[in-house]
2 protein chains.
Amino acid sequence: MAKASSGALSASKVYNNYVSVDCVIFGFDFTRLQVLLVDRVMTDPESGVVRFNDLTLTGNHIYEDEDLDAAAARVLFDLTGLQDIYLEQFRTFGAPHRISKENDRAWLRANGRNPDQRIITVGYYSLLATDNVTLEWKGRNVQWMPVDEVKSLAFDHLEILEEALAALRRKLLHEPIGFALLPEKFTLSQLQRIYEVILGVSLDKRNFRKKIARMKYLVPLDEKQKGVAHKPARLYVFDREQYEANKKDLLDFAI
Amino acid sequence: MAKASSGALSASKVYNNYVSVDCVIFGFDFTRLQVLLVDRVMTDPESGVVRFNDLTLTGNHIYEDEDLDAAAARVLFDLTGLQDIYLEQFRTFGAPHRISKENDRAWLRANGRNPDQRIITVGYYSLLATDNVTLEWKGRNVQWMPVDEVKSLAFDHLEILEEALAALRRKLLHEPIGFALLPEKFTLSQLQRIYEVILGVSLDKRNFRKKIARMKYLVPLDEKQKGVAHKPARLYVFDREQYEANKKDLLDFAI
DNA sequence: TTTTAAAGTGTAAAAAACACACTAAGTAGA
DNA sequence: TCTACTTAGTGTGTTTTTTACACTTTAAAA
């Protein structure tokens with residue numbers, strides 16, 4: 001295996017063969033939490049018969065001169081065409097025999113890779129509004145699937161997805177990441193829906209609003225929704241400056 | 001430090017030159033939170049003059065056939081002689097130019113390594129009682145230092161330490177990891193002290209105990225401390241089974 | 001017997017959580 | 001223009017949790 005390029009190639013174009021990033025791209029549409037998956041079809045090279053057809057997360061090796069966060073952003077961009085998206089590193093997976101299922105090994109062999117070479121992968125998740133994404137980008141066969149309908153994935157991607165989901169939920173409970181899913185001005189019902197859908201719970205509207213009222217960084221505007229076929233909701237903005245100043249260094253423990 | 005060699009050796013003895021683990025070993029002694037640091041001394045090979053003398057965290061490359069968690073446990077064992085210690089992966093560091101300070105580059109060069117080759121390092125922290133550790137293990141010059149007195153470290157280890165500390169505190173607030181620091185039977189004052197020292201706060205004794213009383217998995221025994229020169233405290237045990245059964249899937253958010 | 005050191009305990013007030021049901025405001029379609 | 005439909009918005013009483021706060025008890029050591 002090639003030694004790291006202390007050589008003549010420009011480092012930014014050389015893949016690091018030992019380390020990759022995988023992105024768990026969560027999509028939200030006010031109804032369900034979905035995850036972006038890529039079709040993987042393996043056909044027999046001789047007969048052309050489909051050997052299997054399943055789904056993977058999206059990932060890629062990092063470039064030798066590329067930051068991990070940048071690699072994750074690149075992978076996300078390649079699949080969705082989106083930039084400056086919320087991305088969070090959540091865990092690194094590196095079991096020596098991560099790839100053990102026969103389909104996965106056959107797939108790697110068919111792609112000229114050695115299934116016995118362990119690749120460390122750094123897991124990222126991102127969170128975005130489903131309708132920001134134009135599918136079929138660059139002709140890859142990509143689909144949204146509700147997270148609770150994903151029963152199996154290629155490689156160890158199901159485990160990665162599960163850990164990402166747990167990390168996302170933890171994060172959502174403690175930090176204001178839901179605003180990535182909202183337009184600048186939003187309604188409280190929209191905000192509430194984010195928590196309900198992602199955490200998989202239902203919340204009482206009045207109690208939710210009481211809680212919001214205590215948060216000085218959720219600022220009500222003198223402005224209403226327009227063009228909806230029902231009572232228009234008041235619009236709010238999230239004031240990040242207020243938030244940074246006022247977030248209580250929450251000290252409360254559950255042991 | 002053993003140089004990794006590629007070649008005919010069995011995989012379990014071959015280092016992966018691209019990936020390492022670093023361990024932030026936190027030590028607790030009921031007074032302070034400390035971190036275990038290793039002396040790094042660089043002497044000029046010709047004159048023998050000390051060029052610098054500073055401190056590092058402890059880490060090592062992983063073996064090709066070794067799990068990340070296992071590598072971290074090995075590093076911890078090599079330094080402390082302890083096994084089965086609480087260890088938590090918290091973040092992976094992989095900036096392409098992680099190593100940029102001249103001292104660090106000189107150090108790597110002197111050890112036959114290329115300072116321009118980026119190494120991805122997976123960060124782990126562990127938490128143990130200071131007095132479980134016999135220093136000078138294997139003759140390395142190792143010392144405890146209170147975390148709030150650490151002002152600089154070699155490489156990017158100060159950043160790694162800071163992130164580990166933040167992760168430890170988050171974890172302590174939400175999960176029962178403090179019991180790693182206690183004997184099986186402990187007093188409530190000891191438990192309280194863990195929170196006070198690690199979180200850097202002070203808590204009211206009565207309110208703390210009211211909170212404990214609500215947790216069914218903290219079980220008071222009919223047994224008292226012995227041999228202390230004051231009123232002996234009642235002893236408690238942590239019932240992990242009760243905990244797993246009763247921990248509320250805490251749903252409460254701070255946005 | 002006294003001193004010393006930490007253990008252990010109660011109460012009142014404020015804040016937050018929780019459970020719960022009706023009215024208001026706009027658009028769409030008859 | 002009236003009616004139906006849909007979502008927005010609001011208040012109260014109860015329970016639980018948080019917070020602030022000071023004195024008595026128990027043991028060993030002097």
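In this structure, Leu218(A) places its CG atom 14 Å from P of dG9(D), rounding to the nearest Å. Remark: P of dT9(C) and CD1 of Ile212(B) are 13 Å apart, rounded to the nearest angstrom. Between Leu235(B) atom CG and dA7(C) atom P there is a gap of 11 Å when expressed in whole angstrom units. Taking atom CD of Gln225(B) as the reference point, atom P of dA28(D) lies 11 Å away to the nearest angstrom. As a whole-Å value, the separation of Tyr236(B) OH from dA7(C) P is 12 Å. Rounded to an integer number of Å, the gap from CZ of Phe208(A) to P of dA16(C) is 16 Å. For the pair Asp204(A) CG and dA8(D) P, the interatomic distance rounds to 14 Å; values are reported in whole Å.
Scored by the ring pair (Phe, Tyr, Trp, His ring centres under 6.0 Å) test, Tyr243(B) finds Tyr217(B), Phe238(B) as partners (sequence neighbours excluded). Legend: residues meeting side-chain hydrogen bond (donor to acceptor under 3.5 Å, both in side chains) with Lys231(A), ordered by chain and number and at least two apart, are absent. The side-chain hydrogen bond (donor to acceptor under 3.5 Å, both in side chains) search around Arg40(A) returns Asp54(A), Asp104(A), not counting sequence neighbours. Partners of Lys224(A) according to the side-chain contact (heavy atoms from CB on, under 4.5 Å) rule, which considers only residues two or more places apart in sequence or in another chain, are Pro232(A). For Glu88(B), the side-chain contact (heavy atoms from CB on, under 4.5 Å) partners at least two apart in sequence or on another chain are Tyr86(B), Tyr125(B), Lys171(B). When the side-chain contact (heavy atoms from CB on, under 4.5 Å) test is applied to Asp29(A), the partners found at least two apart in sequence or on another chain are Thr31(A), Arg32(A), Gln34(A), Thr130(A). Partners of Thr121(B) according to the side-chain hydrogen bond (donor to acceptor under 3.5 Å, both in side chains) rule, which considers only residues two or more places apart in sequence or in another chain, are Ser20(B), Asp22(B). Phe52(B) is linked by a ring pair (Phe, Tyr, Trp, His ring centres under 6.0 Å) to nothing, counting only residues two or more places apart in sequence or in another chain.
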(message) How would you summarise protein contacts on nucleotides 22-30 of chain C per nucleotide, using B for base, S for sugar-phosphate only and - for none, with heavy-atom distances below 4.0 Å?
(response) --BBBSS--
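In this model, no side-chain donor or acceptor of Arg206(A) finds a partner on the base of dA17(C) within 3.5 Å.
Under the side-chain contact (heavy atoms from CB on, under 4.5 Å) test applied with Val38(B), the options Asn141(B), Leu55(B), Leu57(B), Leu79(B) reduce to a single match, Leu79(B).
Under the salt bridge (Lys or Arg N to Asp or Glu O under 4.0 Å) criterion, the residue pairs touching residues 180-189 of chain B are Lys185(B)-Glu223(B), with sequence neighbours excluded.
When heavy atoms are screened at a 4.0 angstrom cut-off, Arg234(A) is found touching the sugar-phosphate backbone but no base atom.
Heavy-atom distances under 4.0 Å link DNA chain C to no residue of residues 184-196 of chain A.
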Could you list all N or O pairs between the protein and nucleotides 15-18 of chain D that sit under 3.5 Å apart?
residue: dT18(D); atom: OP1; partner: Lys211(B); partner atom: NZ; Å: 3.4
residue: dT18(D); atom: OP2; partner: Arg214(B); partner atom: NH1; Å: 2.9
residue: dT18(D); atom: OP2; partner: Arg214(B); partner atom: NH2; Å: 3.3

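At most 12 non-hydrogen atoms from other residues, nucleotides or ligands lie less than 6.0 angstrom from NZ of Lys216(B).
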